[in-house]
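Numbers here simply count residues along the sequence, with the first being 1. The structure presented is a predicted model; accordingly, all values stated were derived computationally and were not measured.
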Amino acid sequence: MHNIKEIRINFENFKKIMKLRNVETNLDEILILDKENRNFIQKKETLEMEKKKISKSKDESLFTKSKEISIKIEDLIKKQTLINNKLNNILSSIPNIPLNDVPPGKDENDNKEVSKSGEIKNYNFRPKTHYEIGKELNMLDFDLATKTTGSRFVFVKGKLAALERAISNFMMDTHTQINGYTEISPPLMATDDTMYGTGQLPKFENDQFEIKIDEKNDRKFLIPTAEVILTNMVKNKLINLNLLPMRLVASTPCFRKEAGSYGKDTKGMIRQHQFYKVELVSIVDNNKCEEELERMTNCATMILDKLKLPYRKIILSTGDMGFSAEKTYDIEVWLPSENKYREISSCSSCGTFQARRMKARYKSNSNATEFVGTLNGSGLAVGRTLIAIIENYQTEEGSINIPEVLKPYMGNIHKISIN
């Protein structure tokens, strides 16, 4: 959510920045509505002062006039509320302002590579896709999932299901025992107000799975990511500075309609309606967001380093960043079957953007009340990590070697094979 006062001060610069974010909203309407809103407030305050004077005078001849003023005030409040709601609806649909070092651009083609890590293996055979290997092992069943649930779902079975669970447990142990995150087991549903707080509503309602409940006004949604529920743990709170930074981690199922992605990644597990993800969330002093983003990204890449999976880190352009982000690093893992890198984590600083929507604040050292800074990142997407292990650790005969760090979580077996 944006501060209208800051927009008002440097409106032309705000328009230029929003152009970089591919915003098509008529931004000039913001100033028009803002002016109307302030005029109504000013008129209301003038009438309230007049009514106060009449009340103090105790002049009975002015009582009729006082009642007329009350009616006018009520009318102004109604008009001002309508205008203010229109203004807030526009402001709530406008993305966050990018930091200065974010590369300008229209889409993913303008993202910039920051670094590469890990060794890409050379195979003396054609690397198979994860879904080919999974089908041959009889451990990935997309057809059965389509029969029971629909497209973009999968049954993961046997040792691959155990491997998926092992990946999640390994990530959670690493983040809690080494990286200092507090483990949370959160609800998997969120209210519309909670979804609004992190920016999923109202702009991205079509991508959410809404749960039908008996209460007509009680809207709930399956979480698209644990970020939503973890970040909102500080909603409407005034946090003690001594409690910051708060670093939280959860491993949960996530649910997304993937609206607008039809035709993309229809084969395999890359783009599913239901998937598991280990999510990292930080709540910090708002002056430490950039420092925390670097830390969080390193925590995510640590997982890939330990799994010995090749990856690259990129910084997203202004046109490719998520709605609430002010700066984002994507981590992309190497998939041999596609001969390219694919996203496995996205780590973002949101500055005070989400905190304003959630009314999450803290008292600074100077005793000023300020909005907290919020950050979120995948640490990592479990399903995509499973894909990366299947493909990077495949053998010519169709089995999958187990990464060393995962062997203790897999009963110390060395490989997954048909036999």
Side-chain angles (χ1 to χ4, degrees), residues 1-42 80 83-112 114 196-204 231 284-294 314-330 346-362 364 366 368-376:
M1 191 69 170
H2 296 280
N3 186 334
I4 185 63
K5 291 179 182 178
E6 293 175 1
I7 292 174
R8 197 187 301 141
I9 291 169
N10 201 345
F11 183 64
E12 290 305 316
N13 186 55
F14 179 75
K15 284 174 71 174
K16 287 179 184 177
I17 291 170
M18 286 302 113
K19 190 174 182 181
L20 292 173
R21 292 288 261 139
N22 297 332
V23 172
E24 296 178 359
T25 305
N26 179 12
L27 298 177
D28 292 323
E29 191 178 359
I30 292 174
L31 286 191
I32 295 168
L33 291 171
D34 177 47
K35 188 175 181 180
E36 286 185 54
N37 189 50
R38 285 184 291 135
N39 283 341
F40 280 129
I41 292 171
Q42 191 174 22
Q80 188 260 327
I83 293 297
N84 192 54
N85 286 343
K86 275 187 179 180
L87 178 60
N88 284 334
N89 284 339
I90 294 174
L91 291 175
S92 66
S93 66
I94 296 173
N96 201 354
I97 295 171
L99 296 179
N100 291 333
D101 61 340
V102 174
K106 292 183 178 180
D107 51 35
E108 67 275 7
N109 294 315
D110 297 306
N111 297 339
K112 304 295 181 187
V114 177
Y196 172 85
T198 45
Q200 277 71 31
L201 295 182
K203 193 172 178 65
F204 303 101
T231 309
V284 300
D285 177 328
N286 62 39
N287 294 308
K288 295 182 178 178
C289 287
E290 291 190 73
E291 175 187 330
E292 186 68 14
L293 178 60
E294 299 299 326
I314 61 174
I315 182 170
L316 300 194
S317 72
T318 53
D320 196 35
M321 281 198 308
F323 179 79
S324 297
E326 63 178 8
K327 182 177 179 179
T328 298
Y329 289 120
D330 267 11
S346 191
C347 297
S348 299
S349 168
C350 300
T352 60
F353 185 82
Q354 292 176 327
R356 290 180 186 277
R357 297 167 79 103
M358 296 186 301
K359 297 180 175 59
R361 298 159 297 160
Y362 69 102
S364 68
S366 61
T369 301
E370 297 190 27
F371 290 104
V372 299
T374 65
L375 301 95
N376 63 81

Shortest non-hydrogen separation from [X] to [Y] and the atoms involved:
X: M321; Y: T328; answer: SD-N, 3.9 Å
X: I90; Y: I94; answer: O-CG1, 3.2 Å
X: L316; Y: P103; answer: O-CD, 3.6 Å
X: Y196; Y: R357; answer: O-NE, 2.7 Å
X: V102; Y: S317; answer: CG1-C, 4.0 Å
X: E326; Y: C289; answer: OE2-CB, 4.0 Å

- Message: I need the full list of salt bridge (Lys or Arg N to Asp or Glu O under 4.0 Å) pairs touching residues 12-29, with sequence neighbours left out, sorted by first then second residue.
- Response: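 Qualifying pairs: K15-D28.
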
- Should the heavy atoms of other residues, nucleotides or ligands under 6.0 Å from CD of Q42 be counted, would the total exceed 12?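 Count not over threshold, so no.
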
- Message: Looking at D110 and K106, is any side-chain nitrogen of the basic one under 4.0 Å from a carboxylate oxygen of the acidic one?
- Response: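 Salt bridge absent between K106 and D110.
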
- Message: Quick check against the 3.5 Å criterion: does D330 have a side-chain atom that pairs as donor or acceptor with the backbone of I314?
- Response: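 A pair under 3.5 Å: no.
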
Are any of the side-chain heavy atoms of [X] and [Y] separated by less than 4.5 Å?
X: T374; Y: M358; result: yes
X: I315; Y: N111; result: no
X: S324; Y: N96; result: no
X: L375; Y: V284; result: yes
X: K35; Y: R8; result: no
X: N3; Y: I7; result: no

Measuring from atom [atom1] of [X] to atom [atom2] of [Y], what distance do you get when rounded to the nearest 0.5 angstrom?
X: Y362; Y: D285; atom1: OH; atom2: CG; result: 3.5 Å
X: N13; Y: E6; atom1: CG; atom2: CD; result: 12.0 Å
X: C347; Y: E292; atom1: SG; atom2: CD; result: 10.5 Å
X: E370; Y: T352; atom1: CD; atom2: OG1; result: 9.5 Å
X: K327; Y: N100; atom1: NZ; atom2: CG; result: 10.5 Å
X: E294; Y: Y329; atom1: CD; atom2: OH; result: 3.5 Å

- Message: Restricting to ring pair (Phe, Tyr, Trp, His ring centres under 6.0 Å), what partner residues turn up for F40, sequence neighbours left out?
- Response: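 Here no residue qualifies.
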
- Does a donor on one side chain sit under 3.5 Å from an acceptor on the other, for T198 and Q354?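 Short answer, no.
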
- Query: Distance only, no hydrogens: is a donor on one side chain within 3.5 Å (strictly under) of an acceptor on the other, for N376 and S348?
  - Reply: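 Result is no, nothing qualifies.
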
- Message: Given L33, which partner from the list L87, I4, N85 fulfils the side-chain contact (heavy atoms from CB on, under 4.5 Å) test?
- Response: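 Per the side-chain contact (heavy atoms from CB on, under 4.5 Å) rule, the option paired with L33 is L87, out of L87, I4, N85.
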
- Item | Pairs touching residues 2-29 that satisfy ring pair (Phe, Tyr, Trp, His ring centres under 6.0 Å), sequence neighbours left out |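 Matches after skipping sequence neighbours: H2-F14, H2-F353.
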
